[in-house]
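Just so you know, ligand 1 is whichever comes first in the structure, and atom 1 is the first atom listed for that ligand.
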Amino acid sequence: MEKELLYPVANVNRRNESLDGLWQFKFDPKSIGEQADWPKGLSDTLDMPVPSSFNDYFTDKDSREYVGDFWYARHFFVPTEWQDKLVGLRFDAATHRAKIYVNGQLIRSHEGGFLPFTAEINRAVHFGADNLVVVKLNNELHRDRLPAGDTATLRNGHKMAKPFFDFYNYAGLNRSVHLLAVPKTRVIDYSVTYALDGEDATVHYTVTANHNADTTVRLEDANGVVVAKSNGSTGDLLVANAHLWQVGQAYLYKLVIELHQDGATIDTYSAEIGIRTVAIVGHEILINGQSVYLRGFGRHEDSNFAGRGFDLKVETRDLALMKWIGANSYRSSHYPYDEQAYQMADKAGILIIDEVPAVGFKMAAASFLGGLDQNFFDGDWIDSLYDHHLDQVQDLIKRDKNHPSVLAWSLFNEPDTSSEKCVPYFTKLFKATADLDPQKRPRTFTLNEDDTYETSHALQFPDIYLLNRYPGWYHKWGYEISDGEAGLRDELDQWAASDIDKPIVFSEYGGDTQAGLHKLPSVMWSEEYQTELLEMFNRVFDSYDFIRGEQPWNLADFQTVEGNMRVDGNKKGLFTRDRQPKAAAFYLKKRWHDLPLDYKAKGAKS
Ligand code: BDP
């Protein structure tokens, strides 16, 4: 069960109960929990909502900024009828590392705060009785873990997070916890790939079960009508007149997998899939062979009170905002989001550039406002980091490979590619990613401002280039913005003159903007300046054929570490942190609704 990442479902063969709600919570600054028998139960606890980050509920700074070990606990009941099943706990995300104890027994450990894991608990659980789960978490940052950072100790003995990235190190049981019961012989994984042939499609599937069983697979359309059937753990489902999943016009089929033994159905797993192909040809991003111009955002899972705790209400509002503004895509910057976000994007016809939490791989930006003088890929932490990074990519692809919304894998945000030192690391990771993804989606990473056509040693790797560029904000700002535009055009002219024949998507650009600050003429931080900055970028985008997407930074304002460049967080949102529009959102809405989906496609009208 430990390696199984299928999204939990409840059906005739499976059970899935939510353990969300109030948990007991306690800090452990001296790391005495195990010696003091905390795995057997916590005393003197606070109440903490799950899913949620703990940080923003506290009114004292030491608690909000707390770094180290901390514990959660709650009771749960396991019915007697589950005795013949495998019982497990599934954590959709526990940030950043966790140890799971059930009734005092250590069940498993896990590292990585943005991907799910399951703990099989049969050996510890009491059937027909009350049980106790105790979770030890730790939120320290390290250079050989994701996301990368340091943990400092202040002279008063308190630990402090020193992220090499620009978002607050929110921690806790950030996503839902499930109590599961699944058959002992069961489906543990499945994948689908697609081939289109005129009006028809072939869905090639592979089902992995943990033990031998007869497998049947069927595909139902949105009305529940069975359109194709097959037997065996791998096979083809032929769909006549296939209804394709299109950008902005999603259509989902239901794939129903069953395992049979001695005439009985011993497991059932179903999931929604979308028939669509993805390809990159020259400058074109092709979905079902049709060119798509991306428009959307870099985002964060970030909101008031819950921090990085996943909140369906916030996600629902964010999707409504994206629809309103005319977005068709986003990047899950800078980590994989909750699985429900992908299900919602599948339904909405939104494309996702799916990013692993490999952010902070650049010492010049380390501790965000400080900066350390060393090439990141020269560090003695690199081998250990690679193993952890690969592990995260494996889990990401296993978790997300069947979502039609997932367009590409983003393997890093702004790594330091200024020296050849990065090449062996990139070579291994890009190859592993291609091997892991049955759909062979494009692989990419974002290039920081310093990593240009001239300076980067990693341009051979991506299938799509993602550029993060900040002229008009971090350099050539204010009245100098015209020089910022000229510099950006100089850089793009170099790409245009090169032999690189791949699409470029602008994956970050923008400027901090204080909602409500109006100035005529504009000044930086005013709503007018944000609009002028976006207008400048858009003029540039419209001048180059190879630019095939625009994703300004960020959908909404978000929380970061304190610093002299941040006023209560990063304010580059087109929307405020409570998801209301700044003036530039109305400007972008007009542009994005006017642009055809296939903007710049060969032979397309614009
Ligand atoms: C980029 C980072 C992003 C930051 C952004 C900024 O990728 O995480 O939030 O800069 O400074 O370099 O706003």
Side-chain angles (χ1 to χ4, degrees), residues 114 141 146-149 161-170 296-302 308 330-337 353-372 376 410-418 444-452 455-456 458 462 465-477 484 488 491 505-515 524-525 529-530 533-534 537 549-577 582 584:
F114 304 93
L141 299 174
L146 302 179
K162 293 279 187 183
F164 298 174
F165 49 85
D166 181 37
F167 53 90
Y168 192 82
N169 185 39
Y170 281 117
F297 297 95
R299 300 178 58 201
H300 268 296
E301 287 187 321
D302 173 282
R308 189 140 294 115
Y330 66 82
R331 177 167 58 112
S332 72
S333 44
H334 292 306
Y335 37 79
Y337 293 174
I353 299 176
D354 204 1
E355 192 156 276
V356 270
V359 53
F361 286 30
K362 193 172 179 74
M363 298 316 270
S367 291
F368 192 56
L369 307 174
L372 303 168
F376 189 82
S410 171
L411 301 178
F412 306 83
N413 181 64
E414 300 189 344
D416 187 347
T417 66
S418 64
T444 186
F445 68 96
T446 70
L447 281 153
N448 167 270
E449 193 101 47
D450 305 335
D451 296 84
T452 65
T455 60
S456 176
Y465 292 105
L466 299 184
L467 300 191
N468 293 358
R469 294 293 182 267
Y470 285 97
W473 191 255
Y474 287 124
H475 59 98
K476 304 295 179 198
W477 58 70
L488 185 60
E491 187 194 349
V505 170
F506 269 71
S507 43
E508 285 190 29
Y509 54 99
D512 289 79
T513 304
Q514 180 59 46
M524 292 173 74
W525 293 89
Y529 188 78
Q530 188 180 34
L533 188 54
L534 294 181
F537 273 94
E550 43 191 86
Q551 296 189 329
W553 192 248
N554 186 287
L555 173 73
D557 293 346
F558 59 92
Q559 200 47 263
T560 64
V561 285
E562 293 178 84
N564 47 18
M565 293 209 300
R566 295 287 174 261
V567 186
D568 187 26
N570 189 310
K571 295 281 193 280
K572 295 192 184 70
L574 269 295
F575 296 87
T576 58
R577 200 180 190 214
K582 299 180 190 173

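For the ligand labelled ligand 1, residue Lys571 lies outside the 4.0 Å heavy-atom shell.
The heavy atom nearest to atom 4 (C) of ligand 1, considering only Asn554, Val359, Asp166, Asn448, is found in Asp166. For atom 7 (O) of ligand 1, the nearest non-hydrogen atom from the set Arg331, Met565, Glu508 comes from Glu508.
Residue contacts with ligand 1 for Thr446 are absent, since no atom lies close enough (heavy atoms, distance under 4.0 Å). Within the 4.0 Å heavy-atom criterion, the part of His334 lying near ligand 1 is the side chain and not the backbone. The part of Trp553 lying near ligand 1 is the side chain, judged by heavy-atom distances below 4.0 Å. Contacts between Tyr470 and ligand 1, counted as non-hydrogen atom pairs separated by less than 4.0 Å, involve the side chain only. Contacts between Asn413 and ligand 1 below 4.0 angstrom, taking non-hydrogen atoms only, involve the side chain exclusively. For Asp512, no heavy-atom contact with ligand 1 is shorter than 4.0 Å. Contacts between Trp473 and ligand 1, counted as non-hydrogen atom pairs separated by less than 4.0 Å, are absent for every part of the residue.
Close contacts between ligand 1 and Phe558 involve ligand atoms 9 (O) [criterion: under 4.0 Å to a heavy atom]. Set against the non-hydrogen atoms of Asn570, the atoms of ligand 1 under 4.0 Å away are 6 (C), 9 (O), 13 (O). Heavy-atom proximity to Arg566, at under 4.0 Å, picks out these atoms of ligand 1: 6 (C), 11 (O), 13 (O). The ligand atoms of ligand 1 that sit less than 4.0 angstrom from a heavy atom of Asn468 are 7 (O).
With salt bridges taken as basic N to acidic carboxylate O contacts below 4.0 Å, one links Asp451 and Lys362. Residues Arg469 and Glu491 are paired through a salt bridge, judged by an N-O separation under 4.0 Å between the basic side chain and the carboxylate.
Remark: the backbone N or O of Phe445 is not paired with any side-chain donor or acceptor of Ser410 at under 3.5 angstrom.
Put simply, the side chain of Asp512 reaches to within 4.5 Å of the side chain of Trp473, judged on heavy atoms.
Screening Phe575, Phe165, Tyr168, Trp553 for a ring-ring contact (aromatic ring centres under 6.0 Å, His included) involving Phe558 leaves a single residue, Trp553. Here the rule is side-chain contact (heavy atoms from CB on, under 4.5 Å) with Ser507, and of Ile353, Thr446, Leu447 only Thr446 fits it.
Between Tyr330 and Tyr337, the two ring planes are parallel [angle under 30°; tilted spans 30° to 60°]. Between Phe361 and Phe376, the angle of the ring planes stays under 30°, which puts this pair in the parallel group of the 30/60° scheme.
Sparse packing is recorded around CH2 of Trp477, with 12 or fewer heavy atoms of other residues, nucleotides or ligands lying under 6.0 Å away.
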